[in-house]
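Take a look at the structure below.
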Amino acid sequence: MDRFEEMSQLLQKGKARDLSALVQSELDGGTSANDILLKALIPGMSAVGERFKKNEIFVPEVLITARAMNAALKILRPALAQAGVEPVGTAVICTVKGDLHDIGKNLVKMMIEGTGIRVIDLGVDCPPERVVEAVKEYRPAIVCLSALLTTTMGNQKAVIDALKEAGLRDSVKVMVGGAPVTKAFAEEIGADAYTPDAATAAEVARAYFN
Ligand code: B1M
C-alpha cells in the first residue's frame, strides 16, 4: 500500500491521531499538501460518501471520519495558506442555515486564504441575518456560501435576498458552491459565481481583487 492509500484508509477508518501523524510526517518528508489532499484525503472522503449512500455505514461513522478529515486539514492549513504579508482584502464564508457540513467550506476557506485574502468564517448552520451582520461589520468584497444538501441549497438564495433587503447586495460578490449546487442554479438565484471545487473558488475569488 502506498502512502496516499495508507492515509486514505486511515481517514476512512476515522483514525484521526494516526492520520494526523502520517500527514505530518509526509509533509515533513517533502510531499506536497496538494498531493495529500487530492490523492489521499478527497478520494478517502468520496469513498466514505459512497458507503454512506449505500447504507454500509451510518452518521456516527461518517462523523468520526469527518473529525479525522478536519484534523488532517488543520495540519495542511499552513502549507495551503502561505498567506501574503498584507491581505489583499476580505471574504466572509459560511455553510448556510440548516446545513452542518463543514469540510468543503473549510477547504474553500484555506485555499482562498492561500491567495492572500483574509477570510472571516461564520461556521455552519448560518442564518442569512448573521451574514448580513458580518457584511456590515467586516465590509468584505466577497461572500462565499456552501451548501451540501438539496434541502439547504435554497438558503443560498435566502442570503442573497437578505443582502438585497439590507441594501448590501451591490457591495459584495456572492460565490456559491457545494455538491448539489450547479452553474444553472447559481444563475437562477442571482449569485455572481459558481465554482465546483475549492481550487477554482480560490482562483475566482482572487481574480476579484486584480
Ligand atoms: Co451528510 N450528506 N448528511 N453528513 N454527507 C451528504 C452531503 C450526502 C450526499 C450523502 C449521501 O447520501 N450520499 C447526503 C445529501 C443528499 C442530498 O441532499 N443531495 C447527506 C445527507 C442526506 C446527510 C443527512 C441528512 C443524513 C442524516 O442525518 N440522515 C445529515 C444532514 C445534517 C445537516 O447538515 N443538517 C448529514 C450529516 C452528515 C455528517 C454530520 C455525518 C457529516 C458532516 C460532518 C462535517 O462536515 N463536519 C456528513 C458527511 C461527511 C457527508 C459526506 C459523506 C461527505 C461530505 C464531505 O465532506 N465531502 C457527503 C457525501 C458526499 O459528498 N459524497 C454527505 C468532502 C468535501 C471536500 O467535499 O463538501 O462537496 P464537498 O466540498 C467540495 C465542493 O462541493 C466545493 O469544494 C469542495 C472541494 O473542493 N465546495 C464549494 C463546497 N462548498 C463550497 C463553497 C464554495 C465553493 C465551492 O463557495 C464559493
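Both ligands and their constituent atoms are indexed starting at 1 by order of listing. Values below: every heavy atom of this structure, side chains too, minus hydrogens, waters and symmetry copies.
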*Using a heavy-atom cut-off of under 4.0 Å, does the side chain or the backbone of Val176 touch ligand 1, or both, or neither?*
backbone

*For atom 19 (N) of ligand 1, closest protein heavy-atom neighbour*: Thr150 CG2, 3.6 Å

*Side chain, backbone, both or neither: Leu145 near ligand 1, heavy atoms under 4.0 Å*: backbone

*Of all the non-hydrogen atoms in the protein, which one sits nearest to atom 73 (C) of ligand 1, and at what distance?*
Gly104 CA, 4.3 Å

*Answer side chain, backbone, both or neither: which part of Ala198 comes under 4.0 Å from ligand 1, heavy atoms only.*
both

*Identity and separation of the nearest protein heavy atom to atom 20 (C) of ligand 1*: Leu149 CD2, 3.8 Å

*asked:* Could you identify the single nearest non-hydrogen protein atom to atom 29 (N) of ligand 1 and state the distance to 0.1 Å?
replied: Val59 CG2, 4.4 Å

*Tell me: protein heavy atom nearest atom 40 (C) of ligand 1, and distance?*
Leu63 CD2, 3.8 Å

*Does Ala193 approach ligand 1 within less than 4.0 angstrom via side chain, backbone, both or neither, non-hydrogen atoms only?*
neither

*Test Val176 against every option in Gln156, Met153, Lys183 by the side chain to side chain contact (heavy atoms under 4.5 Å, CB included) rule and name the one that passes.*
Gln156

*Can you tell me which residue and heavy atom of the protein come closest to atom 50 (C) of ligand 1, and the distance to 0.1 Å?*
Val62 CG1, 3.3 Å

*Would one find an N or O of Asp102, backbone or side chain, under 3.5 Å from an N or O of ligand 1?*
yes

*asked:* Tell me whether the count of non-hydrogen atoms from other residues, nucleotides or ligands lying under 6.0 Å of CD in Gln24 goes above 12.
replied: yes

*Measure the spacing between CG of Asp18 and CG of Leu11 and express it to the nearest 0.5 Å.*
12.0 Å

*Does an N or O anywhere in His101 fall below 3.5 Å from an N or O of ligand 1?*
yes

_Geometry only, no angles: is Asp197 polar-contacting ligand 1 at N/O separations under 3.5 Å?_
no

*Any protein heavy atom lying closer than 4.0 Å to atom 59 (C) of ligand 1?*
no

_Can you confirm whether Asp2 is buried at CG, in the sense that more than 12 heavy atoms of other residues, nucleotides or ligands lie under 6.0 Å from that atom?_
yes

*asked:* Using a 4.0 Å cut-off to any heavy atom of Lys53, which atoms of ligand 1 qualify?
replied: 13 (N)

*asked:* Using a 4.0 Å cutoff against the non-hydrogen atoms of Gly178, which atoms of ligand 1 qualify?
replied: 75 (O), 81 (N), 82 (C), 83 (C), 84 (N), 85 (C)

_Within ligand 1, which atoms have a heavy atom of Asp99 less than 4.0 Å away?_
34 (O)

*With a 3.5 Å cut-off and no angle check, do the side chains of Asn155 and Thr152 form a donor-acceptor pair?*
no

_When you compare the side chains of Ser8 and Gln12, does any donor N or O come within less than 3.5 Å of an acceptor on the partner?_
yes

*asked:* With rounding to the nearest 0.5 angstrom, report the CD1 to CD1 distance, Ile112 to Ile142.
replied: 6.5 Å

_For residues Val143 and Tyr194: do they belong to one hydrophobic cluster (side chain heavy atoms under 4.5 Å, members Ile, Leu, Val, Met, Phe, Trp, Tyr)?_
yes

